[in-house]
Q: 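Have a look at this one.
Throughout, a chain's letter reflects where its sequence line sits, starting with A, and its residues are numbered from 1. Values reported hereafter were calculated over all heavy atoms of this structure, with side chains retained and with hydrogens, waters and symmetry mates removed.
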Amino acid sequence: MPELPEVETTLRGLSPHLTSQRIAKVTIRNPHLRWPIPANLPGILRNQTIRRLYRRAKYLLLECDSGTLILHLGMSGSLRILPALTLPEKHDHFDLQLANGTLMRLRDPRRFGAVLWHEGDIARHPLLASLGPEPLQEDFNAAYLYRATRKRSAAIKQVIMDSHTVVGVGNIYASESLFHAGIRPQLAASKLSLPRCARLVQTIRATLSASIAQGGSTLRDFTDSDGKPGYFQQSYAVYGRTGDPCRVCGTPIKQIVQGQRSTFYCPNCQK
DNA sequence: CGCCAGGCCTGCACGC
DNA sequence: TGCGTGCAGGCCTGGC
């Protein structure tokens, strides 16, 4: 589920519920996520106030009094705001109970997500220290992408999915952005011209922004029992459309495998 | 049953 | 030797 737009939508949905609130109780039902949830976390977090929530790449960061709680949703994680005392279901691994009665609950069937704690400068955390620029910020621009791709012989799709190049471009939006930019996913990154880098930066921004905007329109449902921000109805240009006609030229969409991930593209529109 | 799935870190091999 | 780079493996469950 979570690509960057889902994480951003989750952040926006959680923020008003959690900002400036005091943590009353932390429950770990299953610590076995991608890394173990620290066993001492309940003791650490109790009575701390959540000062602010923000996002870096796909990490949700809850800045508290003495450190930062790092949340990652992996492939199947979701966070929800629920009434206190809501009974946990299968795969509900972690709860933050606030003093005002609000309950934030993490569900993650595949357990690729993470709940970690860091004291001190969060930018120095090993998971965050070597990340590239945010796709929606100014430092991700044509000149940057051009420079970052000069010595990269790997396929452009894999390079834009590499978090050292730019963060937050997952498998769906990599295919989508390349389609809108008219670039073949297999093209060696070093072969992209500056104008094509400019175009790709623009389409990465546009696809992510459009999806975030769509997620925002479903925010009112954030506290619903299913808590899913409705992305499944989203229609894609190429992702998941193997064999279907390209929406621009009618050519059947092709599916290939790159770096063990499926890639979708139009062999006519993308050069 | 086998296969696939939206993430992403780690370890290894390689070439400069 | 050390670095950047590219690749494969692995973590899990659920759905088709």
Q: May I have the distance from A:Leu131 (atom CG) to B:dC9 (atom C1'), rounded to whole angstrom?
A: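 Result: 12 Å.
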Q: Kindly give the heavy-atom pair with the smallest separation between A:Ile204 and A:Pro135, and that separation in Å.
A: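 Result for this residue pair: CG2-CB, 4.1 Å.
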Q: Side-chain N or O of A:Ser262 versus OP1/OP2 of B:dA5: is the shortest distance under 4.0 Å?
A: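 For B:dA5, OP1/OP2 do have a side-chain N/O of A:Ser262 under 4.0 Å.
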Q: Please write out the pairs of protein N or O atoms and N or O atoms of nucleotides 13-15 of chain C separated by less than 3.5 Å, giving the distance to one decimal.
A:
| from | atom 1 | to | atom 2 | distance (Å) |
| --- | --- | --- | --- | --- |
| C:dT13 | OP1 | A:Arg111 | NH2 | 3.1 |
| C:dT13 | O4' | A:Pro109 | O | 3.4 |
| C:dT13 | O3' | A:His91 | NE2 | 3.3 |
| C:dG14 | OP1 | A:Lys90 | NZ | 3.4 |
| C:dG14 | OP1 | A:His91 | NE2 | 2.4 |

Q: Using a 4.0 Å cut-off on heavy atoms, which residues in residues 112-130 of chain A reach DNA chain B? List them by number, or say none.
A: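 Within residues 112-130 of chain A, the residues near DNA chain B are A:Phe112, A:Leu127.
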Q: Given atom OH of A:Tyr59 and atom C1' of B:dC8, what is their separation to the nearest angstrom?
A: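 Roughly 7 Å, once rounded to whole Å.
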Q: Taking NE2 from A:His164 and C1' from B:dG7, how many angstroms apart are they, rounded to a whole number?
A: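 Atom NE2 in A:His164 sits about 14 Å away from atom C1' in B:dG7.
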Q: Without swapping roles, check the side chain of A:Asp65 against the backbone of A:Thr49 for a donor-acceptor pair under 3.5 Å.
A: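 Confirmed, A:Asp65 side chain pairs with A:Thr49 backbone.
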Q: Expressed as a whole number of angstroms, how long is the span from A:Leu73:CG to B:dC9:P?
A: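 About 14 Å, once rounded to whole Å.
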Q: Atom NZ of A:Lys58 and atom C1' of B:dC9: how far apart are they, to the nearest Å?
A: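 Between C1' of B:dC9 and NZ of A:Lys58: 14 Å.
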Q: If I take atom CD1 from residue A:Ile81 and atom CG from residue A:Leu14, how far apart are they, to the nearest 0.5 angstrom?
A: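 These two atoms lie 5.0 Å from each other.
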Q: List in chain and number order the residues that pass salt bridge (Lys or Arg N to Asp or Glu O under 4.0 Å) with A:Arg152, two or more places apart in sequence or in another chain; answer none if no residue qualifies.
A: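 Residues passing salt bridge (Lys or Arg N to Asp or Glu O under 4.0 Å) with A:Arg152: A:Asp162.
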Q: A:His72 NE2 to C:dC12 P: how many Å, rounded?
A: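 One finds 17 Å between P of C:dC12 and NE2 of A:His72, rounded.
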Q: Please, which pairs that meet ring pair (Phe, Tyr, Trp, His ring centres under 6.0 Å) have at least one residue in residues 183-214 of chain A, sequence neighbours excluded?
A: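 Qualifying pairs, neighbours excluded: none.
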Q: Check A:Ser76 against A:Pro2 and note the closest heavy-atom contact, atom names and distance.
A: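 Looking at all heavy atoms of both residues, the closest pair is N-CD, 4.2 Å.
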Q: How long is the line joining CG of A:Asn171 and C1' of B:dC4, in whole Å?
A: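 For the pair A:Asn171 CG and B:dC4 C1', the rounded distance is 12 Å.
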Q: Looking at the base of B:dG7, is there any donor atom on it, or on the side chain of A:Glu3, that sits under 3.5 Å from an acceptor on the other one?
A: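 Such a pair does not exist between side chain and base.
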Q: Mind checking salt bridge (Lys or Arg N to Asp or Glu O under 4.0 Å) for A:Glu119 and listing every partner two or more places apart, or none if nothing turns up?
A: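 Applying salt bridge (Lys or Arg N to Asp or Glu O under 4.0 Å) to A:Glu119 gives none.
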Q: Return the minimal non-hydrogen interatomic distance between A:Pro38 and A:Pro42, and the atom names on each side.
A: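 In this case the closest contact between A:Pro38 and A:Pro42 is O-CD, 4.2 Å.
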Q: For A:Gln97 and A:Thr27, test the side chains for any donor-to-acceptor distance below 3.5 angstrom and give the result as yes or no.
A: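 No, no side-chain donor-acceptor contact under 3.5 Å.
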Q: Is there a path of hydrophobic side-chain contacts, each under 4.5 Å between heavy atoms, that joins A:Ile28 and A:Leu33?
A: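 Yes; A:Leu33 is reachable from A:Ile28 via cluster members.
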Q: Closer than 4.0 Å, any side-chain N/O of A:Arg261 to the OP1 or OP2 of B:dG7?
A: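 So the side chain of A:Arg261 is within the cut-off, an N or O lying under 4.0 Å from OP1 or OP2 of B:dG7.
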Q: Ignoring hydrogens, what is the shortest heavy-atom contact between A:Arg241 and A:Pro245? Give both atom names and the distance.
A: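 In this case the closest contact between A:Arg241 and A:Pro245 is NH2-O, 2.9 Å.
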Q: Whether A:Tyr239 contacts B:dG6 is assessed here as follows: a side-chain N or O lying under 4.0 Å from the phosphate OP1 or OP2. Is that the case?
A: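 Looking at the OP1 and OP2 atoms of B:dG6, one of them is under 4.0 Å from a side-chain N or O of A:Tyr239.
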Q: In this structure, how many angstroms lie between the C1' atom of B:dG6 and the CD1 atom of A:Ile212, rounded?
A: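 Distance, rounded to whole Å: 15 Å.
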Q: Can you list the residues that meet the salt bridge (Lys or Arg N to Asp or Glu O under 4.0 Å) rule with A:Arg29, with sequence neighbours excluded?
A: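 With neighbours one apart ignored, the set is A:Asp95.
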Q: Suppose you measure atom P in B:dC3 against the same atom in C:dG9; what distance do you get, rounded to whole Å?
A: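 Rounded to whole Å, the distance is 15 Å.
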Q: With salt bridge (Lys or Arg N to Asp or Glu O under 4.0 Å) as the rule and sequence neighbours excluded, what pairs involving residues 130-145 of chain A come up?
A: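 Sorted pair list: A:Arg55-A:Glu134, A:Arg56-A:Glu134.
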Q: Could you list the protein-to-nucleotides 3-7 of chain C atom pairs, N/O on both sides, closer than 3.5 Å?
A:
| from | atom 1 | to | atom 2 | distance (Å) |
| --- | --- | --- | --- | --- |
| C:dG6 | OP1 | A:Ser153 | N | 3.0 |
| C:dG6 | OP1 | A:Ser153 | OG | 2.9 |
| C:dG6 | OP1 | A:Ala154 | N | 2.7 |
| C:dG6 | OP2 | A:Arg152 | NE | 3.0 |
| C:dG6 | OP2 | A:Arg152 | NH2 | 3.1 |

Q: Can A:Glu176 and A:Thr207 be counted as having a side-chain donor-acceptor contact under 3.5 angstrom?
A: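 Per modelled atom types, A:Glu176 and A:Thr207 side chains form no pair under 3.5 Å.
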Q: For residues 242-269 of chain A, pull every pair meeting salt bridge (Lys or Arg N to Asp or Glu O under 4.0 Å), keeping only residues two or more places apart or in separate chains.
A: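 Residue pairs passing salt bridge (Lys or Arg N to Asp or Glu O under 4.0 Å), neighbours aside: none found.
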Q: Give every residue pair that meets the salt bridge (Lys or Arg N to Asp or Glu O under 4.0 Å) criterion with at least one member in residues 180-192 of chain A, sequence neighbours excluded.
A: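 Not a single pair qualifies under salt bridge (Lys or Arg N to Asp or Glu O under 4.0 Å).
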Q: Does either side chain, that of A:Arg205 or that of A:Gln202, offer a donor lying less than 3.5 Å from an acceptor on the other one?
A: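 Short answer, no.
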Q: Looking at residues 27-42 of chain A, who's got a heavy atom less than 4.0 Å off DNA chain B?
A: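 A:Arg34, A:Trp35 - these, ordered by number, are the residues of the stretch whose heavy atoms sit under 4.0 Å from the strand.
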Q: Name the stems with DNA chain C in them: runs of three or more consecutive Watson-Crick or G-U pairs, distances under 3.5 Å?
A: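 So far as stems of 3 or more pairs are concerned, DNA chain C shows B:2-5 with C:13-16, B:7-16 with C:2-11.
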